[in-house]
Amino acid sequence: MVPSSAPLLFFDSGVGGLSVLAATAALLPRAPLVYAADSAGFPYGIKSEAEIAARVPALLGRLVERYRPRLVVIACNTASTIALPVVRAALDLPVVGTVPAIKPAARLSQTRAIGVLGTEATVRQAYVDNLAREFAGDCLVLRHGSADLVAAAEARLRGEAVAPARFAAALAGLLDQAGGDRIDTLVLACTHFPLVEAELAAAAPRPLRFVDGAAGIARRVASLTEGQAWPAARGEGIAVFTRLGAPERALAPALARFGLTRIEGL
């Protein structure tokens with residue numbers, strides 16, 4: 001039996017996974033929440049596959065030992081596309097990953113042209129090739145990796161001003177490619193990016209439909225925990241960082257908006 005106090009554990013390199021946590025918390029309002037950010041390893045998008053494949057399972061092993069969750073969500077496209085099979089083999093509990101929402105984007109696109117905006121590490125993965133081939137075979141699928149957009153999303157969550165030109169530049173990386181003028185649907189293939197969807201929409205040169213996988217992940221978590229006991233009320237959520245310094249503490253007001261009122265270091 002899973003104790004009612006056992007939390008859901010969300011993991012990302014930074015604060016992007018909060019977009020997934022928010023969708024899940026809305027669906028499961030009594031679920032205890034732990035959010036873990038590998039701030040010491042941030043950002044993952046510019047790291048090698050070998051670094052991520054070694055780092056993520058080791059960190060999740062420590063986090064599972066400390067917090068005893070009922071389920072782990074790797075709320076990071078980069079970590080999921082690289083390390084998910086290794087993590088599932090290492091942990092004796094359900095692990096939900098995050099993958100680019102190419103399938104729903106293909107269903108929505110009228111022009112049959114889709115943009116995939118993620119990190120450099122995510123957009124170069126063969127996993128993305130396979131998704132495009134399987135679910136968007138009749139579409140033009142263009143990709144762009146933007147480390148700066150990840151940094152911009154982190155800065156916005158800290159309450160810092162971010163120049164609109166940074167959002168426009170990330171979009172231009174897709175829209176200025178050959179065929180980019182046909183794109184009508186854009187996959188936010190990094191969990192950071194839904195946090196700045198409004199800024200991206202404002203910077204877009206024309207109306208675009210933005211798609212991400214948070215709602216689907218939330219439904220999957222609800223399905224895997226169906227019938228399990230929850231506490232009468234959610235209680236205090238925990239945010240844990242692998243490096244806890246001034247930048248991480250500056251996130252406290254934003255974390256509180258997501259129900260994470262206790263901050264710890266790992």
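The first residue of the sequence shown is numbered 1, and numbering continues consecutively from there.
- Of the possible polar contacts, one joining the R182 side chain to the T111 backbone as a donor-acceptor pair under 3.5 Å is found.
- Distance alone, capped at 3.5 Å, places no donor-acceptor pair between the Q125 side chain and the T122 backbone.
- The line from CG of L33 to OG1 of T24 is 8.5 Å long, rounded to the nearest 0.5 Å.
- R70 places a side-chain N or O within 3.5 Å of a backbone atom of A6 that can act as its donor or acceptor partner.
- The closest donor-acceptor contact from the side chain of S109 to the backbone of A105 lies at 3.5 Å or more, if one exists at all.
- Enclosure of atom CZ in R156 is not indicated, since only 12 or fewer non-hydrogen atoms of other residues, nucleotides or ligands lie within 6.0 angstrom.
- Note: E199 CD to F193 CZ = 12.5 Å, rounded to the nearest 0.5 Å.
- Residue R124 qualifies as enclosed at atom CZ: its count of foreign heavy atoms under 6.0 Å is above 12.
- Within 6.0 Å of atom CD in E160, more than 12 heavy atoms from other residues, nucleotides or ligands are found, so the atom counts as buried in its surroundings.
- Within a 6.0 Å sphere centred on OH of Y127, heavy atoms belonging to other residues, nucleotides or ligands number 12 at most.
- Between V86 and P57, the closest heavy-atom pair is CG1-CG, 3.7 Å.
- V20 and L188 fall into different hydrophobic clusters, where Ile, Leu, Val, Met, Phe, Trp and Tyr are joined by side-chain heavy atoms under 4.5 Å apart, directly or via other members.
- Interatomic distance, CZ of R206 versus CG of D181, reported as 6.5 Å (0.5 Å rounding).
- Of all non-hydrogen atoms in S4 and W230, the two that sit nearest each other are CB-C, 3.7 Å.
- The CD1 atom of I263 sits 7.0 Å away from atom CZ of R249, with the distance rounded to the nearest 0.5 Å.
- Smallest separation of non-hydrogen atoms from G265 and V240: C-CG2, 3.9 Å.
- Looking only at distances, no side-chain donor or acceptor of R234 sits under 3.5 Å from a matching main-chain atom of P32.
- Without hydrogens or angle criteria, S39 side chain to R243 main chain gives a donor-acceptor distance under 3.5 Å.
- Residue Y44 forms a side-chain hydrogen bond (donor to acceptor under 3.5 Å, both in side chains) with just one option from T78, N77, T119, D38, and that option is D38.
- Residues that satisfy the side chain to side chain contact (heavy atoms under 4.5 Å, CB included) test with R262, not counting sequence neighbours, are E236, I238, E264.
- Taken to the nearest 0.5 Å, the CD1 atom of I114 stands 10.5 Å off from the CZ atom of R209.
- With hydrogens and angles disregarded, no donor-acceptor distance shorter than 3.5 Å links the side chain of R143 to the backbone of V116.
- The two residues A178 and L140 come nearest to each other via the heavy atoms O-CD2, 4.4 Å.
- Contact between A214 and D212 at its shortest, heavy atoms only, is N-OD1, 2.9 Å.
- Although no hydrogens or angles enter the test, the distance criterion places no donor-acceptor pair under 3.5 Å between the side chain of S223 and the main chain of R219.
- Remark: D92 CG is loosely packed, at most 12 non-hydrogen atoms of other residues, nucleotides or ligands lying under 6.0 Å away.
- Heavy-atom minimum distance, A36 versus L63: CB-CD1, 3.6 Å.
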